[in-house]
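Below you'll find the structure, written out as structure tokens, and then a few comments.
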Number of protein chains: 2
Amino acid sequence: MNEPAPQVEPQDSVRNDIPDIVIGRLPIYLRTLKLLMERGSEVTSSQELGDLLGISSAQIRKDLSHFGEFGKQGTGYNIPFLNKQLEKILKVDCVWPVVMVGAGNLGTALASYNGFENRGFRIVALFDSAPEKIGQQLGAITVQPLEEIPVVVRRTHCQVAVLAVPAAAAQAVSALLIESGINSILCYAPITLSVPENVRVEYIDPVIHFQHMTYYLRKGCIEDA
Amino acid sequence: MNEPAPQVEPQDSVRNDIPDIVIGRLPIYLRTLKLLMERGSEVTSSQELGDLLGISSAQIRKDLSHFGEFGKQGTGYNIPFLNKQLEKILKVDCVWPVVMVGAGNLGTALASYNGFENRGFRIVALFDSAPEKIGQQLGAITVQPLEEIPVVVRRTHCQVAVLAVPAAAAQAVSALLIESGINSILCYAPITLSVPENVRVEYIDPVIHFQHMTYYLRKGCIEDA
DNA sequence: CCGCGATTGTACCTGCAATCACAAACGCGG
DNA sequence: CCGCGTTTGTGATTGCAGGTACAATCGCGG
């Protein structure tokens, strides 16, 4: 919804006849399965999942059928089992290292968030260009200067980065990240990055969502701009 | 793309034969136009815009054609003019009030962000349930208790809310917001909300993007979960 | 052991999103 | 004033995503 379409097609290194849009729904299924597990449920159905997510049961069944037969007719899906299968498919049955650039308000908020680890990710480093922020401690990590990016990325074999810098700096930092070995970037800066074909960028920009919403609203704003 | 499909179809109060997916791209066009304006450009073309955004020029032309004829053959689009038109279409040629719930790390980071105003939005209130946070100052706004939500929402005629609370609280808070008159929610909590048909919810969850990305990566994570 | 309600997985179909391709229109240079 | 390169807006076409519908399968209760 919403955000810019991914700029990169699935890498051909991975056997991939499965539509990207299907892959994009799997994390949502996974998130809901974890919720059901917390509630102690043992089994669910495409119907129940669909109701929880506001999508059709047929779509869920068809999406899952791309990867195998995970359900049992008449019964539905075993939740812990399906959870495990989806984790394997998405390769999040483990913890991925993530580096982040930008120790502003947003960057520090994300670095302090403790909801990544049990969903497969750990922020292992935080970089900023401002000298006064270098050395600052945030939980287990320390703010480092941008020059350390290549070293750290290579040492950790990290492939994923978060960009939480001002728009004006985003393009240059992304180039540095990619040069260092990053191939997947989650960009919070309100700008579309220009990157090589083999790099995947996804975007988070709340204003994009706001502006999408206001189209459907009757006008009732504060003042003219 | 990413995020859950919008749960709500365009309200029928608005004449709307225009696909929602087209509306969803307009904010991206708008963002890019503002960038070009900052650079001092006067005109652009569907080709140039498409190159900047990684999408086809035909798609941009067709999207815009739903709303009128904004370009000139042989020349392209006048940037300030097209910018203004898109702002009118999205109804962001003004400033909308937004209320936010959750004064944690993320909430305070968002409340401190100064990039909303010139794109049509202003956070006018911030609420939290923790007594020790009430009264805290963030720029021009003060953290208020949840009980104030109905009062403030009604007084400001605010229709848009940001949800930056823990997942466990999100559903209950969303109900309170909707009851108070909110009909558009941007939800940062990693959970799918259950809301009435006439309420639009969009979601921001970085982990959804991470997990989408890892599908395409060769495995190289830290440790097994 | 049998019949029934529930649920999956999938073949088929429909509709729409994206692309293609081109006529019409514009500016400019000569 | 004319011709050429450029760019738009749009009808036609393609491809794919989502929905429909149903046969196959399962558990359960009697």
Side-chain angles (χ1 to χ4, degrees), chain A residues 1-10 16-26 28-29 33 36 41-79 81-82 85-86 89 212, chain B residues 1-10 16-26 28-29 33 36 41-79 81-82 85-86 89 212:
Chain A
M1 58 151 159
N2 315 125
E3 279 292 290
Q7 298 182 314
V8 171
E9 276 314 295
N16 202 323
D17 35 9
I18 296 166
D20 183 69
I21 194 161
V22 172
I23 307 299
R25 279 189 294 264
L26 299 186
I28 308 174
Y29 301 163
L33 286 172
L36 291 173
S41 306
E42 266 296 315
V43 295
T44 186
S45 64
S46 59
Q47 180 68 50
E48 184 185 25
L49 277 175
D51 290 347
L52 286 171
L53 291 170
I55 62 185
S56 80
S57 62
Q59 179 155 107
I60 293 177
R61 290 199 300 277
K62 177 168 284 190
D63 285 350
L64 296 179
S65 76
H66 284 100
F67 304 95
E69 309 196 353
F70 302 130
K72 203 182 295 181
Q73 285 154 337
T75 307
Y77 301 93
N78 177 283
I79 295 177
F81 174 75
L82 184 55
Q85 294 304 310
L86 288 181
I89 293 165
H212 191 164
Chain B
M1 260 171 134
N2 314 131
E3 278 294 291
Q7 298 181 312
V8 172
E9 276 315 293
N16 202 325
D17 35 7
I18 296 166
D20 182 70
I21 194 161
V22 171
I23 307 300
R25 280 190 293 263
L26 299 185
I28 308 173
Y29 301 162
L33 286 171
L36 290 173
S41 307
E42 266 296 315
V43 295
T44 186
S45 64
S46 58
Q47 181 68 52
E48 184 185 24
L49 278 175
D51 289 348
L52 286 171
L53 291 170
I55 62 185
S56 80
S57 61
Q59 178 157 105
I60 293 176
R61 290 199 300 277
K62 177 160 281 191
D63 283 352
L64 296 178
S65 76
H66 284 100
F67 304 96
E69 309 197 354
F70 302 129
K72 204 182 294 182
Q73 285 154 338
T75 306
Y77 301 92
N78 177 284
I79 294 177
F81 174 75
L82 183 56
Q85 294 304 311
L86 287 181
I89 293 165
H212 191 164

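No hydrogens, no waters, no symmetry mates; every other heavy atom, side chains included, goes into these values. Proteins get letters first, then strands, A, B, ... in listed order; numbering begins at 1 in each. Keep in mind it's a predicted model, so treat the numbers as computed, not measured.
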Subject >> Chi angles and distances behind the side-chain hydrogen bond (donor to acceptor under 3.5 Å, both in side chains) call for A:Asp20, B:His212 >> reply: CA-CA 9 Å; A:Asp20 183 69; B:His212 191 164; 2.9 Å; yes
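Among residue pairs with one or both ends in residues 59-79 of chain B, those qualifying as salt bridge (Lys or Arg N to Asp or Glu O under 4.0 Å) are B:Arg25-B:Asp63; sequence neighbours excluded. Residue pairs satisfying the salt bridge (Lys or Arg N to Asp or Glu O under 4.0 Å) criterion with at least one member in residues 42-60 of chain A, sequence neighbours excluded, are absent.
Taking atom CG on A:Asp17 and atom P on D:dA17, their separation rounds to 12 Å, with Å as the unit. Separating the CD atom of A:Gln59 from the P atom of D:dA21 is a distance of 17 Å, rounded to the nearest angstrom. Look at CD on B:Glu48: it is 14 Å from C1' on D:dT6, rounded to the nearest Å. Across the protein-nucleic acid pair, B:Ile60 atom CD1 and D:dT7 atom P stand 13 Å apart, rounded to whole Å. The distance from atom CG of A:Asn78 to atom P of D:dG27 is 13 Å, rounded to the nearest whole Å. One interatomic measurement links the two molecules: NZ of A:Lys62 to P of D:dA17, which rounds to 10 Å at whole-angstrom precision.
The closest side-chain heavy-atom distance from B:Ile60 to B:Tyr29 is below 4.5 Å. Between B:Leu86 and B:Leu64, some side-chain heavy-atom pair lies under the 4.5 Å cut-off. For the pair B:Leu36 and B:Leu52, the minimum side-chain heavy-atom distance is below 4.5 Å.
Legend: residues meeting side chain to side chain donor-acceptor pair (under 3.5 Å) with B:Gln85, ordered by chain and number and at least two apart, are absent.
Mapping heavy-atom proximity under 4.0 Å, the span of DNA chain C touched by chain B runs 5' to 3' from C:dA17 to C:dG27.
Within 4.0 Å (heavy atoms only), B:Ser46 reaches sugar-phosphate atoms of the nucleic acid but no base atom. Residue B:Leu64 is classed as having no contact, given no heavy-atom separation below 4.0 Å to the nucleic acid.
Residues B:Leu33 and B:Leu82 approach most closely at CD1-CG, 3.7 Å, considering heavy atoms.
Taking a 4.0 Å limit (strictly below) on heavy-atom distances, residues 66-74 of chain A reaches DNA chain D at A:Lys72, A:Gln73, A:Gly74.
Residues A:Thr75 and A:Pro19 both approach DNA chain D. Their nearest nucleotides, taken by heavy-atom distance, put A:Pro19 toward the 5′ side.
The side chain of A:Arg61 places no N or O atom within less than 4.0 Å of a non-bridging phosphate oxygen (OP1 or OP2) of D:dG18. Of the side-chain N and O atoms in B:Tyr77, none sit less than 4.0 angstrom from OP1 or OP2 of D:dT6.
Rounded to the nearest 0.5 angstrom, A:Leu26 CG and A:Phe67 CZ are separated by 4.5 Å.
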